[in-house]
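Encoded as structure tokens, the structure appears first; notes follow it.
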Amino acid sequence: MRGRHRTTAKQIVDEDYSAYDFKDDIEYLYKTKKGLRESIVDEISKLKGEPEWMTRFRHRAYEHFVKRPLPTWGGDLSALDFENITYYAKPVERVGKSWEDVPEAIKKTFDRLGIPEAERKFLAGVGAQYESEVVYHSLRKELEEKGVIFMGTDSALKEYPEIFRKHFGTIVPPEDNKFAALNSAVWSGGSFVYIPEGVVVDQPLQAYFRINAENVGQFERTLIIAEPHSRVHYIEGCTAPVYASASLHAAVVEVIAKEGAHIRYTTLQNWSKDVYNLVTKRAHAHKDATVEWVDANTGSRLTMKYPSVYLMGPGARTDVLSVTFAGRGQHQDAGAKAIHLAPHTQSRIVSKSVSKDGGRTTYRGHLRVARGARNVVASVRCDALMLDAQSRSDTYPYIEIDEDDATVTHEATVGRIGDEQMFYLMSRGLTENEAVNMIVLGFLEMFTKELPMEYAVEFNRLIKLEMEGSVG
Amino acid sequence: MKRTLQIVDLHAGRDGKEILKGINLVINQGEVHAIMGPNGSGKSTLSNVVMGNPKYQIMSGDVRLDGESIAKLAPNKRAHRGLFLGMQYPVEVSGVKLGSFMKAAYNQVHGPDALDVAGFMELVEENTKLLNMDSAFAGRYVNEGFSGGEKKKAEILQMLVLKPAFAILDETDSGLDIDALKTVARAIDAYRGPDVGILLITHYQRLLRYIKPDFVHVLMGGKIVLTGGGDLAEKLEELGYGWLKDEKYAGAT
Ligand SMILES: Nc1ncnc2c1ncn2[C@@H]1O[C@H](COP(=O)(O)OP(=O)(O)OP(=O)(O)O)[C@@H](O)[C@H]1O
Ligand SMILES: [Mg+2]
């Protein structure tokens, strides 16, 4: 009886793994040569038929990228070969408005990942990106009528040039860091979200990013603008199949929450273990606005990602909830930044990391209370769970306070699974594996309970997958 | 066939220190045994060793279920064979819902097809009521933020849900208020039956007023020094353990 149960559970897990780890044979309509040169930047811009200001923006970024050295902190980037990457691969001619418009092979990919089904069930809008281009986009009609815009970033540049230009690049300038510069030079795809004043979007908008080919870079650019007193929940999911050599994902995400607006940005990332994931995510929260980053990082070879929020106006708040899971050969260097630039602002950062089989997690954070930002309440909490002695976890919380009346708390714990907990769970009949899984999922529950139910189930399944074979 | 839990000349301890110094005890299905004894006499050690806590080591002797040694089995294997330990100090498992934990345990002990989700929820609901617990408990995290008494109730809830053949209850009564003690004791007594063997570890006779034991054992210095019927508990309540230190009782069973 029990034996059978275990096999069944394993079968389910195996099936699930194959749900992500498959690749399709796609004929690309267009693909740039490997490596990055100024001519490639031009080529991309020309192909897209962009306005001149964007071409200039790309060149400015490219110049900075070339000049800027690789960061010397964070993860090991020495094996990242910029010359061996295809910077632009175009799978389709135009964005599909219904799944029928999407080429069969690509549609099948998203089918297998369950996207159309999720769309029918509980999403307000869906975007799907395959390599460099957005292949599908939809938005519920009633939201469209209210003036909500949810489309690929390339389309938005064409269709809403004014809103676009006013906000694009204002939160993350190309000079911010080497990978923001790279993204700005070769960006393609991503989501553009615009919520008009006072409009509340109850159901999440979801974008799905898929890298399918080996050595292809994905450089999407997402821009979310929430006008005063509007509300939106944006979810992004990312996957890639397993290849022997590295792919690169270097996204830039800019989020603007105007007065009293509320934005939640959820990421569920499950890159394959050969992807470099180097992402710049930043938000501005204006007066009384709230920005929440809910960010899960499983997979990838190296992730460097520190979602940040600039609290620009009085009463602005932010919550950053970050989860990382590092297994064999993986390094998750993640964290958060809360920059308090106005009085009566609040931030709460919670980071949970799990490492096993020699995996490495790093919490790297920055909490800053600037002069003039009085009555700030801020907290940082990082909990690390290490499942074996080979794994590693480090914490670099950088805290800089220029006002005396700030209430700042900082807590950090590093733990292992307790013997007494294991005995307790096993004494009730759980196998060693089950007990470990349960403790790990419990450790992450604070995060999981923030996810919509469907995603929580998916996330728990992912973690169990990562846990496979972690104990004898 | 009647099942038996048998402890045979058991010498066991922790970190190389011998705490149990030759325990012999046979519990048959249908019987309730009580163990009493001073603090530090080895009662919790005995319960941990029987359940297979890897922190404890058996130096010699054996623990047998239906005549077969279980001394080398992992705790979950013992649970599968029908053993349950209600702990003196239940541990917190942060973020794990009591309900899902019990479901996972139930699936392991009785097989995944024994009960569907609805049936299982009913089983939990019913016993939660019986124990006078808030139905919200199943949705709370295992022992996290539970009061001392609530933890003990949650242990009994798990016993009632998992339906073990042999239950060792280590100081379930400590921490319970007067009414809760009555409720819990009645629930244990109701669980009692021809297919269940129970070992109650307690300091107080009042638990045994509700659950009349068939045998009472006194554990002192790692040995059972005296065994009697239910009335022994009353005598102990009155006299304490001092008189047992007398030479003539030492080693008696
Ligand atoms: N690791 C250890 N090393 C040495 N002695 C230990 C160790 N762990 C427990 N002991 C001792 O073993 C003895 C028995 O402990 P045990 O918990 O079994 O007692 P008990 O009878 O359950 O007591 P109580 O009634 O207080 O619950 C105690 O004296 C305790 O201090
Ligand atoms: Mg004890």
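Below, chain A is the first sequence line, B the second, and so on; all start at residue 1. Every value quoted in this text rests on a predicted model; they were computed, and no experiment measured them.
Sparse packing is recorded around NZ of B:Lys72, with 12 or fewer heavy atoms of other residues, nucleotides or ligands lying under 6.0 Å away. At most 12 non-hydrogen atoms from other residues, nucleotides or ligands lie less than 6.0 angstrom from CD of B:Glu122. Dense packing is recorded around CZ of B:Arg14, with more than 12 heavy atoms of other residues, nucleotides or ligands lying under 6.0 Å away. Around the NZ atom of B:Lys129, the shell of radius 6.0 Å holds no more than 12 heavy atoms that belong to other residues, nucleotides or ligands. For CZ of A:Arg348, the number of neighbouring non-hydrogen atoms (other residues, nucleotides, ligands) closer than 6.0 Å is 12 at most. For A:Arg317, the CZ atom sits in a loose shell: 12 or fewer heavy atoms of surrounding residues, nucleotides or ligands are nearer than 6.0 Å. Under a cut-off of 6.0 angstrom, the local environment of CE in B:Met59 is crowded, with over 12 non-hydrogen atoms contributed by other residues, nucleotides or ligands.
Chosen from A:Leu444, A:Thr448, A:Leu430, the residue pairing most often with chain B at heavy-atom distances under 4.5 Å is A:Leu430. Looking only at heavy-atom pairs under 4.5 Å with chain A, the residue among B:Ala74, B:Pro75, B:Ala79 that has the most is B:Pro75. Top candidate by heavy-atom pairs under 4.5 Å with chain B, chosen from A:Asp419, A:Leu425, A:Ile439, is A:Leu425.
For B:Leu162, the part lying near chain A is the side chain, with the backbone staying farther off; criterion is any non-hydrogen pair under 4.5 Å. With a 4.5 angstrom heavy-atom cutoff, B:Phe101 touches chain A via backbone and side-chain atoms both. Heavy atoms of A:Met438 lying under 4.5 Å from chain B belong to its backbone as well as its side chain. For A:Phe443, the part lying near chain B is the backbone, with the side chain staying farther off; criterion is any non-hydrogen pair under 4.5 Å. Looking at B:Tyr89, neither its backbone nor its side chain comes within 4.5 Å of chain A, counting heavy atoms on both sides. Looking at B:Pro164, there are no atoms closer than 4.5 Å to chain A (heavy atoms on both sides), in backbone or side chain.
B:Asn76 pairs in a side chain to side chain contact (heavy atoms under 4.5 Å, CB included) with only one of the listed residues (A:Met426, A:Glu434, A:Glu432, A:Arg428), which is A:Met426.
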Between B:Met87 and A:Ser427, is a side chain to side chain contact (heavy atoms under 4.5 Å, CB included) present by the stated rule, with each step listed?
CA-CA 10 Å; B:Met87 300 198 191; A:Ser427 79; 3.4 Å; yes
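In this structure, the separation between OH on A:Tyr424 and CD on B:Glu92 is 10.5 Å, given to the nearest 0.5 Å. Distance check, rounded to the nearest 0.5 Å: NE2 of B:His80 to OG1 of A:Thr431 gives 7.5 Å.
Minimum heavy-atom separation, A:Phe423 to B:Gly52: CE1-C, 3.8 Å.
Judged purely by atom type and a 3.5 angstrom limit, A:Gln421 has no side-chain atom pairing as donor or acceptor with the backbone of B:Val91.
You'll find the side chain of B:Tyr141 reaches within 4.5 Å of the side chain of A:Glu445, heavy atoms only.
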